[in-house]
Amino acid sequence: MSKIIVVTSGKGGVGKTTTSASLATGLALKGYKTVVIDFDIGLRNLDLIMGCERRVVYDLVNVIQGDANTKQALIKDKRIDTLYVLAASQTRDKDVLTKENVGKLLETLKKDFDYIICDSPAGIEKGALMAMYYADTAFIVTNPEVSSVRDSDRILGLLSSKTRKAEQGESIDEHLVITRYAKKTRARRRNALD
Amino acid sequence: MITESTPAQQVRLKADLYPMTVLCLSHPNLKAIDAELHLLAKQAPHFFDQTPVVIDVGALASLNELDIPNLTAMLRAHNVYLVGFKNVKKAEEALLLKHNLPLFSRQTQKSRTASPTPAEAPAAAHRPTRIIHKALRAGSKIYAKDSDLILLSSVNAGAECIADGNIHVYGPLRGRALAGASGDTQARLFCRNLQAELIAIAGHYWVSEAIHTPKTPYALLQIHLEQGQLRMTEL
């Protein structure tokens, strides 16, 4: 049974794409057939992090609109053969995404993949909502600072109300990922206070 | 180039909302109404300032008893403009047509037994208490209509919990809590860890800055309204 994991945060720049890339690579290295999808339409950067920006021919929007099938759009990683990337479009915007067409895409991918990782864009608008809608598991990436914590709390609220699982009365498996924790700075500060 | 506008552009229909003053009459005696309005004008001289008013006739036995032309003139002398009627019995609607005044609402079962005083104490909370087990996340809002609200977990910063009755928060209260939302001044707020952004009872509120830190940290607190002032007591 495939699992859909959404990597989200609310706040921008906390490390969602980095986490999605690492997570996908880790799972692929363990032998699971994994695909990581960039839902940040218009501001794509997953392909940059995954190192395949020069091999993007077709993207998520092309597949959704039927210009290409998933096989043509998926980019196989050069180093790990169980890892695939589906890049976002750089020229379109998130309005092309709907629950139905995203659902259809994920159903197609579920047939071939063990793990589908959805790299959510920042914010709580359509892009983020589409990325989280079909998730079974959520990784909420948070930085140890006030705005990130507040935004992550907001995202948790949305995960428990605006997702397919929430509508069916079940709950998404939520996990907190703390990024940019600077151990050195904290220790230095603590010594200064002593 | 001057173009003639088409007839369709001369009139535009729009929906708009205005708060309306309602004058509830318990008797049709114009002299008595006039005297009461004079008294009101003495206490608050500018209370009526070309105010349009709808008359609630639900408490009158019949609209026929009311001398509408004289009532209109008397009200105008007080700077009040009669614009229509509400709670009119179905059989008497034709009367309004005769005086060219609009009907704002018909009398329903409920309004027939309504008290003539406009300010009525809201009904006491009568629905079963709502109990929330999970934390109220930022951006979430809970409204317990006609009942008390008990939150067993936290109210996170950016969340709002509203109840017509009392509110009890057992986790940290970091967001907003509004008790007695429909005007019940007897409603109370109980909490154990007050770090709220705003707390209010029946519209009287304290923002975070105005909230005094309790002497004992994590003490059980009760916030209630006393003569229009919020008071915090440690239990």
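Residue numbering restarts at 1 for every chain, and letters A, B, ... go by the order of the sequence lines. What's counted below: heavy atoms across the whole structure, side chains too, no hydrogens, waters or symmetry copies.
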For B:Leu220, does the CG atom have more than 12 heavy-atom neighbours from other residues, nucleotides or ligands under 6.0 Å away? yes
Near A:Tyr32 OH, under 6.0 Å, is it more than 12 heavy atoms from other residues, nucleotides or ligands? no
Using only distance, no hydrogens or angles, which N or O donor-acceptor pairs sit under 3.5 Å between chain A and chain B?
| residue | atom | partner | partner atom | Å |
| --- | --- | --- | --- | --- |
| A:Asp153 | OD1 | B:Arg137 | NH1 | 2.9 |
| A:Asp153 | OD1 | B:Asn156 | ND2 | 2.5 |
| A:Asp153 | OD2 | B:Ala138 | N | 2.6 |
| A:Asp153 | OD2 | B:Asn156 | ND2 | 2.9 |

Looking at B:Ala135, B:Gly139, B:Ala159, which makes the most heavy-atom pairs under 4.5 Å with chain A? B:Gly139
